[in-house]
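Written below as structure tokens is the structure these notes are about.
So that the names make sense, note that chain A is the first sequence line, chain B the second, and so on, each numbered from 1.
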Amino acid sequence: MRWSKAFVPTLKEVPAEAEIASHQLMLRAGLIRKLSAGAYTYLPLGFRSLLKTVEIIRDEMNATGAQEILMPAIQPAELWEESGRMKDYGPLLMQFKDRAGRHTVLGPTHEEVVTDLVRNHVSSYRQLPLILYQIQTKFRDEIRPRFGVLRSREFLMKDAYSFDVDLDGLNRSYEAMYRAYCRIFERCGLDFVVVEAESGPIGGDVSHEFMVPSDAGEDILLQCSACSYAANAERAEVGLPEQLKQRLHQPRTVSDVPAVQKVDTPGRTTIEQVSAFLNCRPEQMIKTLIYLADGQPVAVLIRGDHEANEAKIRRALGVSELSLADAETIERVTGAPVGFAGPVGLSCRIVADRAIAEIEDGVTGANEADAHLVHVVPGRDFPWPEFHDLRVAVHGDPCPRCGAALRQRRGIEVGHVFKLGTKYSEALGAYFLDAHEQRRPVIMGCYGIGVNRILAARIETHHDEHGIIWSTTIAPYRVLVLPLAMQKEQIVQTAERIYEELRRRGVDVILDDRDARAGFKFKDADLIGFPLRIAVGERGLKEGVVELKWRGSDQVQKVPVGEAVERVLAELDRDEAETQRRVDRHGPPIVR
RNA sequence: CGGGGCGUAGCGCAGUUUGGUCAGCGCGCCUGCCUUGGGAGCAGGAGGUCGCCGGUUCAAGUCCGGCCGCCCCGACCA
């Protein structure tokens, strides 16, 4: 490509709308432009990177035996009613009625459509296993699109779906996808970690996320400082030290805590307000949350400085529906308005996070308006409750595997794999006949990659004050030939020769043939971040050399003009081999 | 959806408090000269219904009302 003919609108100044590095650089380097909130045009350079990423994904997916298909973005709403997901996915769906009045949605994901396909065309165990995938635009009416392409309303997703006859088959498919994902992200030049995850509205029980650690990430992950445990904060378990474990079975007898005392706390309903008003620490407070668990009120006790984890509560209670109770229910259950609930004298079921067992002299709501209780001792003033891990894990908590401290960091989710089981096959009726003529639901898994996010994550984690630092694998062009002065015949001719020869040898290369000053071209080159730069200038030519420089390095290699092309090819080969080594270094996946 | 901020030329911004030489600056763009190893210099020039609609006023970018768009924070009693 000749730069003079290319549509590459770079920006010297940072657009006001962009806050994080990747967003700013994608705009400045002329990779994307915004149409409206969460909707972006990919310009030629950005689109090249996107397509290269797609090709890597396709290559690795095909290598697993998965088969590529393309499903419609337009989906009948009935399918979503049928799967039961209209309810919990509803607000996220872009919906419309077509001219015939048919309720239609734009696909945010394709479990329904692919399961419909399979139920209609797979009826025998002989047709399984099967993995189908597609790379397609997804639509989600996000609450708040943000950070450029990191959370957008329209984005490119690779979604794969596996269909197996039994759990062993599912495990094999899952592992194959997991392995392929590691290879894909490694090839794209991402530093990623795999974490245990909550499956959310997709459903299923086992799930892993592929995270690129970065402060710009929206997810919080907890990683053990000693062992290999890593999990999304939504999922992370809190380790149980032996000492605390003992205590859970046997309330300590405390003799030096005075009797419970009721104190006035007019209008103080939050932990902050009460702790400030009564001058106590949030760690002393017993937060009492009234939930409706499958319609039944349950009081959940959480230490004041901790946060309840609804997924954990749901699992601990063994219920499918869980939500915080409405004001009316709270008043009925506790006898007090919202903000004054406490476990003392409460008649409904009570479950507590394990940290409650360590409170010796607690503060909690009095189940009476404008009043709290102090000197509350669990086991003395209210029955010793059942204990579970019910809170969100935080930095410093013990690892559930080895007890070492968990470290907290933020991460960008680039991929997610789920073991779905039979959620969709049963809801939509995807059955097959096994070898014993038994009718059984297909066992499913699903596997997603946010393609746009790969670009953003790479940039977010690989840039400097001058611009982007691409991996050669997904850079818009791998090589830039940069003649320093266009009015010097010899410079232009040399640059042209190298450019043409590289093209002939199959290298994707761009020639900056713009009649601009050298400094200007250098700035653009660094901003976009073409990995390998060949500068052709008067100074070098006097010695018969051109200058080779990798974007991420300070080293400039002087190479005789005649050897330039071979050297570039050798450098690219070396780089490729290095990538391959990194990919191969990934051993068997950590699938639990 | 709640809170906060913003909307003036392609980009970044000033001007709005106190209505009236208030259509401005820098970058970018065009023309010419000059320059050519890290976003040069000089001269000339093009480009804006001041987000939209309505109101107040002799007069509105500026005041009032409504709407739209964009960005950031936060979302289900703690």
Side-chain angles (χ1 to χ4, degrees), chain A residues 9-20 23-24 27-28 30 33-39 91 141-148 151 216 218 268-275 282-283 285-292 299-310 313 322-331 333-334 336-343 353 356 363-365 372 390-392 465-467 482-488 491-492 512 514-528 533 535-542 545-547 549 554 556 558:
Chain A
T10 57
L11 263 28
K12 202 191 275 190
E13 284 171 295
V14 181
E17 71 193 46
E19 196 103 327
I20 64 169
H23 190 193
Q24 294 178 348
L27 290 167
R28 287 191 55 209
R33 282 296 180 266
K34 185 181 72 188
L35 174 65
S36 62
D141 196 356
E142 293 286 350
I143 295 176
R144 181 149 89 91
R146 62 177 130 185
F147 301 147
R151 181 166 296 279
E218 292 186 295
R268 271 59 171 201
T269 60
T270 68
I271 292 290
E272 296 77 48
Q273 289 167 350
V274 174
S275 65
E283 299 94 280
M285 299 194 54
I286 302 169
K287 199 150 57 173
T288 306
L289 306 170
I290 309 298
Y291 277 94
L292 278 176
V300 176
L301 311 185
I302 305 285
R303 210 171 78 184
D305 57 325
H306 288 155
E307 195 181 337
N309 181 322
E310 292 193 0
I313 297 170
L322 184 82
S323 59
L324 280 164
D326 52 289
E328 221 171 287
T329 307
I330 290 172
E331 198 139 4
V333 173
T334 68
V338 173
F340 301 97
D353 179 67
I356 294 295
V363 175
T364 191
H372 278 74
L390 300 178
R391 67 181 176 90
V392 176
E465 68 271 30
H466 303 293
L482 199 160
L484 289 165
M486 291 306 288
Q487 63 296 322
K488 298 270 169 30
I491 291 175
V492 173
D512 192 350
R514 294 175 300 174
D515 185 13
R517 299 167 63 90
F520 183 88
K521 293 191 185 185
F522 280 137
K523 290 290 185 192
D524 262 353
D526 288 344
L527 175 59
I528 298 167
R533 185 184 81 192
V536 183
E538 201 165 24
R539 265 183 352 216
L541 289 186
K542 273 191 190 131
V545 300
V546 295
E547 292 158 18
K549 181 179 169 300
D554 290 331
V556 176
K558 294 188 175 180

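- Here, B:G19 and B:C64 have their P atoms 11 Å apart, quoted to the whole Å.
- A:S36 comes within 4.0 angstrom of the backbone, heavy atoms only, and of no base.
- In terms of polar N and O atoms assigned as donor or acceptor, the side chain of A:E13 comes within less than 3.5 Å of the base of B:G26 in a complementary pairing.
- Across the protein-nucleic acid pair, A:L292 atom CG and B:C76 atom P stand 16 Å apart, rounded to whole Å.
- For A:R517 and B:A40, the shortest distance from a side-chain N or O to OP1 or OP2 is below 4.0 Å.
- In this structure, the NZ atom of A:K521 is 13 Å from the C1' atom of B:G39, given to the nearest Å.
- Contact annotation for A:T269: backbone-only contact, meaning every heavy-atom pair under 4.0 Å involves sugar-phosphate atoms and none involves a base.
- Taking CD1 of A:I286 as the start and CD1 of A:I302 as the end, the distance is 11.5 Å to the nearest 0.5 Å.
- Using a 4.0 Å heavy-atom cutoff across all strands shown, A:I330 reaches at least one base atom of the nucleic acid.
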Original post:
Stepwise, does the side chain to side chain contact (heavy atoms under 4.5 Å, CB included) test hold for A:K34 with A:E17?
Top reply: CA-CA 10 Å; A:K34 185 181 72 188; A:E17 71 193 46; 3.4 Å; yes

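- Rounding to whole angstrom units, NE2 of residue A:H466 and P of B:G38 are separated by 13 Å.
- The partner of B:A75, taking Watson-Crick or G-U wobble pairs whose two distances both stay under 3.5 Å, does not exist in any strand shown.
- A side-chain contact (heavy atoms from CB on, under 4.5 Å) with A:D353 is found for exactly one of A:L390, A:N309, A:I313, namely A:L390.
- Looking at which nucleotide of RNA chain B each of A:T329 and A:L35 is closest to, the 5′-most match is held by A:L35.
- Note on A:K12: every side-chain N or O is 4.0 Å or more away from OP1 and OP2 of B:C27.
- The partner of B:G44, taking Watson-Crick or G-U wobble pairs whose two distances both stay under 3.5 Å, is B:C30.
- Contacts of A:G304 with the nucleic acid, taken as non-hydrogen atoms under 4.0 Å apart, are absent.
- Between the side chain of A:R533 and the base of B:G38, at least one donor-acceptor pair of N or O atoms lies under 3.5 Å.
- Using a 4.0 Å heavy-atom criterion, one finds that A:F147 contacts the sugar-phosphate atoms exclusively.
- Separation of the P atoms belonging to B:A14 and B:G2 is 28 Å when rounded to the nearest angstrom.
- The nearest whole Å value for the distance from the CD atom in A:E19 to the C1' atom in B:G4 is 13 Å.
- Rounded to a whole Å, the NZ atom of A:K488 is 10 Å from the P atom of B:U35.
- At a threshold of 4.0 angstrom between heavy atoms, the contacts of A:R144 include nucleobase atoms, whether or not backbone atoms are also involved.
- Atoms CD and CD, from A:Q24 and A:E19 in turn, are 7.5 Å apart once rounded to the nearest 0.5 Å.
- Residue contacts shown for A:E547 include a base, since a base heavy atom lies under 4.0 Å away.
- Across all strands shown, A:K34 has heavy atoms under 4.0 Å from sugar-phosphate atoms exclusively, and none from any base.
- Nucleic acid contact for A:A308: base, since at least one base atom lies under 4.0 Å from a heavy atom of the residue.
- Pair assignment for B:U57 gives none, since no Watson-Crick or G-U wobble pairing has each distance under 3.5 Å.
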Original post:
Stepwise, does the side chain to side chain contact (heavy atoms under 4.5 Å, CB included) test hold for A:K523 with A:L527?
Top reply: CA-CA 6 Å; A:K523 290 290 185 192; A:L527 175 59; over 6 Å; no

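- Between B:U49 and B:G54, the two C1' atoms lie 16 Å apart (nearest whole Å).
- Shortest non-hydrogen contact noted between A:K12 and A:R28 is O-NH2, 3.5 Å.
- Out of B:A78, B:G39, B:C71, the shortest distance to the side chain of A:A37 is found at B:C71.
- Using a 4.0 Å heavy-atom cutoff across all strands shown, A:R268 reaches no nucleic acid atom at all.
- Of the P atoms belonging to B:C52 and B:U35, the separation is 46 Å, rounded to the nearest Å.
- In the set B:U36, B:G39, B:A78, B:U36 carries the atom at the smallest distance from any side-chain atom of A:Q487.
- Atom NZ in A:K523 sits roughly 17 Å away from atom P in B:C27 (whole-Å rounding).
- The residue A:G339 sits apart from the nucleic acid: no heavy atom pair falls under 4.0 Å.
- Looking at residues two or more places apart in sequence or on another chain, you find no side chain to side chain donor-acceptor pair (under 3.5 Å) involving A:R533.
- A:R514 comes within 4.0 angstrom of no nucleic acid atom, judged by non-hydrogen atoms across all strands.
- Nucleotides B:C68 and B:G24, compared at atom P, are 33 Å apart to the nearest Å.
- At the heavy-atom level, A:I143 lies under 4.0 Å from base atoms of the strands shown.
- Under the salt bridge (charged side-chain N to carboxylate O under 4.0 Å, His left out) criterion, A:K488 pairs with A:E538, not counting sequence neighbours.
- Rounding to the nearest 0.5 angstrom, the gap separating the CZ atom in A:R144 from the CD atom in A:E142 is 11.0 Å.
- Figure legend. B:C25 is base-paired to B:G12; pairs are counted as Watson-Crick or G-U wobble with both atom distances under 3.5 Å.
- When rounded to the nearest whole Å, the span between CD of A:E17 and P of B:G51 equals 17 Å.
- Per the geometry, CG belonging to A:D515 stands 9 Å off C1' belonging to B:U36, to the nearest Å.
- Nucleotide B:C70 has B:G5 as its partner under the Watson-Crick or G-U criteria, with both atom distances under 3.5 Å.
- Counting any heavy atom pair closer than 4.0 Å across all strands shown, A:A535 reaches no nucleic acid atom.
- Stacking of the aromatic ring of A:F522 onto the base of B:G38 is found: the ring centres lie under 5.5 Å apart and the planes are inclined by under 30°.
- B:A40 and B:A23 are spaced 30 Å apart, taking the C1' atom of each and rounding to whole Å.
- Only the P atoms considered, B:C50 is 38 Å distant from B:C33, to the nearest whole Å.
- For the C1' atom pair drawn from B:C6 and B:C13, the interatomic distance equals 13 Å after rounding to whole Å.
- Looking at which nucleotide of RNA chain B each of A:D526 and A:H23 is closest to, the 5′-most match is held by A:D526.
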